[in-house]
Structure formats: C-alpha cells, structure tokens
Trainee: 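I'd like to ask some things about the structure below.
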Amino acid sequence: MRVLLVGGGGRENAIGEALVRSGAELYVVSKHRNPGLVRLAKEYGLAKETDVPKVLEFAEKWGIDIAFIGPESPLEKGIVNAFEEKGIPAVGPTKEAAQLETNKAFARSLMERYEIPGRKLFRVFDDISGMRSWMDDFGRPVVVKPLGLTGGKGVKVVGHQLRDNGEAKAYAEELIRKDGKVLIEERTEGVEFTFQVFTDGKRVIPMPLAQDYPHAYEDDKGPITGGMGSYSCSSHLLPFVPREDYEKALETLKATVEAMRKNGTPYRGILYGQFMLSKDGPVIIEYNARFGDPEAMNVLPLLKTSLLDIAEGIVDGNLGKAEFENKATVVKYLAPRGYPLSPVRGVKVEVDEKAVEDAGARLYYASIDESFTLLGSRAIAVVGIADTLEEAERIAEKAVPHVRGELFYRRDVGTRESVEKRVRTMREFGREFEPNSC
Ligand code: GLY
C-alpha cells in the first residue's frame, strides 16, 4: 500500500518508521529532506506542508492509496478535505474538525455546549473595556491565549509569564488589537500530562500517557518550546496520575469525540489532550489535532499493532485495537544553541549513528537536512526504551554524546529527581496518592 506522509519533523520520522514497520510503501512530502525519512521513503517531494495543491500533485503523481498528515498547519488549511475530494482517504481531521486545535474559542464552546467533563471557565472578548471590567470582577488568576495556532508560544499565565492580572489585562488588550479577539480562562494549578488517542469518529483507542518538558532549560526554566523531551512509563500511566484520573481523562476525550459527531464536525485521526491534573481531577488545557512532538516518539516505537491497519481503520470508520509494549521511554531532544529565541542555523553537526545504536538508543531526525545542517528548530531526538524509567533515561543519556555540534539538551528529562518533583508538586496542590511505579 502506498502511503503519503506529510511533514518532516521528529514526530513524522517516528510515524514514517511505524508505517514502514507495518509494511507500507512510504512517500514523503515536507519542506526539507529529513535524513531519517529519506532512508525510509521510496520517493521524497519538497514542498511546504501548507501548500495543499502542491502536496496533492505529488500524491496524484505517485498514485497514493492513503495519506497521513503529521503537523497541524496543513490540517488548518483543509488538506484532509482536499484529499477526500480527490478520493484519497487521509488520516487526520477535516478543516472543520481540526478547529479543536486551530480555534480555541471553538474548542471551549464545544466543551460548554456538550458539558464535556474537565472543562474550564472561559470568556472570549473582542472589546477591550468588556475584557477589562470582566477581569476586575473575576479577580482570580487567569491564562491569556490567542485564539489560533501559535506554535505554543502565545499562551501566557499569571504567576509565570505574567506577574498579575494587571499584566494579563495589558497582554489581552495587545491581542485584541492584533487579532481582534482574545481567550481568557481561569488558571488551574496542577501538573500537566499528555493523553493521545486514535479515533475513527466513534471508537476511541488510548495510547500510553506521556509527559512533555516544554521549558527550554533544566529545572523547568526558560522560554516555552515545542518540547525538549518527554517520558512514559511501562504501566502506560504516569507516577502522579492515578488510574481513576486516567479514566476521567479518557472519558473527557470520548465525550469530545461524541460531541464532535453531534456537532456535525465528526473527528477522525489522532486526538491529543493536554491535561492538567488539578486537585479536583483532570482538566483540559488544550486539544491538539495530531500526535505530539516529542510524544509521538514515546508511543510509536512501542506500538505492536500495525500503524497501517490503524490508519485504514480510522479512515474506514472501523478502528480495531491498538496494543503497546509495556516499556518505559525517555525522549531527549537536541536543539540548536539559542533555541527557541535565537537559534544557531546553517552549521553542521556530526552524528555517530552506529555508536547511538550500540548504546541501545533510537535516533529520530527533525529540523536538520540531509547534509546534517541545522535548520533552526529541535534537530535530533534520542530515545531510550527499557523496562524501567531509570534504564530508559540511562540509555538516552548514553547516546547523547554521539551527537556533536552546536546543540544543547535537557539532562533532567525523565530523571528520577524531575519525576519526583512532579509528584511533590501534585501533593502540594492537595492530592494524596501513592505514586505509580515507572
Ligand atoms: N509537545 C507538545 C505538542 O506537540 O504540541
């Protein structure tokens, strides 16, 4: 079967590998030639992922049977609608359904209308004085968000990027002037986790939970990035997420898929719930309409079921099972020095792939071209997989020195200390629980 993968990051390298492992004949279109995907692909086309007509042209030339869309930006452009119009099924939500990620006001209103559990109090404002007087009445700390896609960079939280609600009002005013609208939510205290599921619009099949490290620097300091690494546990839970909260979060995702169906915007593909585990249970922070990056690299190497079968089940509306190995995983991303604010670009790095393999780790390429030149975003991920988190972290750490160049990474991703810090934080927010082993 000829499968077209759209996108060329670390997430897509992991998707491509899982597809080839399932027996797919892989074709790729992305804006740069990812060295990992180049080896897996039968043909490789260069185009912006958002240039839908160009991507379609490649698909028709290659006689593609099914497409798999990696990133969110082509979903926002309606790439799935365009493929379906040409009779090519595509894994990913339509433009209308992808609004769960691309339009935060849509997502929040849907949750409200269908009373989806785990929702937050929110308001959307287009007038500055209305926003200011609501904030004065509300009085509690808030989160200010742009409505559309911002690559995770536009969200600001009181107590973190914003000192107080006074600064929140100023930032919200800036967004109204720029975008015409702003989303303001109550702030929730807790610890974040990632819950990804496959769905054919009716059935919802869970993947192992993962935890992302979005801050650039160790000890959760510095600017927010796409994610500097992530880990998952052999139990498929996380140390600070008890089974009952896992079940509640799964209920939220199931209720979301059901609501999308009732809303006339059926959702098919991968649904990513970014949850905050608060003292009262899991709360949705964001939805994403695709795999997480790096979280795809936690779950896909563990997938025992054929990803191609899952892809066909999603587009045909008869999704079956998805089984994952019971292993722990640690992903560490190496990013160019200065990322995300002023990353080094255009310089080469050296990768000793054999030594990485000998260390027992996997390697996924991202924002780096075939000549191993850095393109400015997260460049290479190393992944340790083992029975325990300690062992998986040790494997990833052993692989890192075999990638050399103007790069940095977070040593603390997946370490026992950083995981214990999250367990402590959960307790400080008033939750008593016995941590799950990992
Ligand atoms: N790791 C966060 C994301 O994929 O959006």
Side-chain angles (χ1 to χ4, degrees), residues 5-15 18 30 49 68-76 91-93 98-104 107 143 145-157 160 191-198 207-217 220 222-232 238 249 253 256 269-277 282 284-301 329-335 339-340 364-367 377-383 396 409-410 412-414 418 422:
L5 173 62
V6 178
R11 163 182 52 210
E12 287 76 25
N13 196 168
I15 297 171
S30 75
E49 292 85 355
F68 205 118
I69 316 301
E72 63 277 18
S73 51
L75 297 172
E76 187 183 35
V91 177
Q99 286 183 95
L100 267 188
E101 173 168 2
T102 63
N103 180 349
K104 293 184 179 68
V143 181
K145 296 182 173 181
L147 258 60
L149 291 179
T150 58
K153 290 179 192 82
V155 176
K156 294 196 181 180
V157 183
H160 297 267
V191 181
E192 288 189 30
F193 66 95
T194 300
F195 200 157
Q196 304 169 96
V197 296
F198 297 109
M207 302 186 222
L209 299 186
Q211 190 173 36
D212 187 17
Y213 286 59
H215 290 270
Y217 313 134
D220 307 317
I224 298 290
T225 70
M228 292 298 292
S230 46
Y231 71 90
S232 69
L238 291 168
L253 296 176
T256 305
I270 287 93
L271 178 60
Y272 169 131
Q274 183 71 57
F275 285 91
M276 172 81 81
L277 186 53
I284 274 277
I285 302 294
E286 312 267 5
Y287 292 105
N288 290 322
R290 32 89 192 162
F291 275 115
D293 190 349
E295 297 96 321
M297 294 180 272
N298 295 103
V299 297
L300 287 172
T329 65
V330 173
V331 181
K332 300 203 186 211
Y333 245 134
L334 292 106
Y339 171 80
Y364 293 112
Y365 290 98
S367 180
S377 193
R378 296 168 297 172
I380 296 175
V382 293
V383 185
Y409 78 107
R410 281 186 60 168
D412 61 346
V413 174
S418 83
R422 282 150 177 80

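Position 1 is the first residue of the sequence; numbering continues from there. Numbering of ligands and ligand atoms starts at 1, following listing order. Worth knowing before you read on, the calculation uses all heavy atoms, side chains too, and leaves out hydrogens, waters and symmetry mates.
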Trainee: Heavy atom under 4.0 Å from ligand 1: found in E295's side chain, backbone, both, or neither?
Mentor: side chain
Trainee: Tell me which one of Y287, F291, F195, F198 satisfies side-chain contact (heavy atoms from CB on, under 4.5 Å) with L271.
Mentor: Y287
Trainee: Against ligand 1, does G292 come closer than 4.0 Å with any heavy atom?
Mentor: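 Right, G292 reaches ligand 1.
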Trainee: Starting from atom 5 (O) of ligand 1, find the nearest protein heavy-atom neighbour and note its residue, name and distance.
Mentor: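 Ranking protein heavy atoms by distance from atom 5 (O) of ligand 1, first comes R290 NH2, 3.0 Å.
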Trainee: Using a strict cut-off of 4.0 Å, indicate which atoms of ligand 1 neighbour a heavy atom of N288.
Mentor: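 So the answer, numbered in order with elements, is 5 (O).
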Trainee: Determine the sole option in Q274, R422, Q211 for which the side-chain hydrogen bond (donor to acceptor under 3.5 Å, both in side chains) test with E192 is passed.
Mentor: Q274
Trainee: Counting only nitrogen or oxygen atoms and a 3.5 angstrom limit, does G226 reach ligand 1?
Mentor: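 Yes, at least one N or O pair falls under 3.5 Å.
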Trainee: Can you list the residues that meet the side chain to side chain donor-acceptor pair (under 3.5 Å) rule with E295, with sequence neighbours excluded?
Mentor: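 Result, side chain to side chain donor-acceptor pair (under 3.5 Å) vs E295: T194, Y272.
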Trainee: So that I can tick it off, tell me whether D412 and K332 are bridged by a salt bridge, with the cut-off set at under 4.0 angstrom between side-chain N and carboxylate O.
Mentor: no
Trainee: List in chain and number order the residues that pass side chain to side chain donor-acceptor pair (under 3.5 Å) with Y339, two or more places apart in sequence or in another chain; answer none if no residue qualifies.
Mentor: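 Partners of Y339 by the side chain to side chain donor-acceptor pair (under 3.5 Å) criterion come out as none, since no residue qualifies.
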Trainee: Applying a 4.0 Å heavy-atom criterion (strictly less than), which segment of T194 is in contact with ligand 1: side chain, backbone, both, or neither?
Mentor: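 Neither part.
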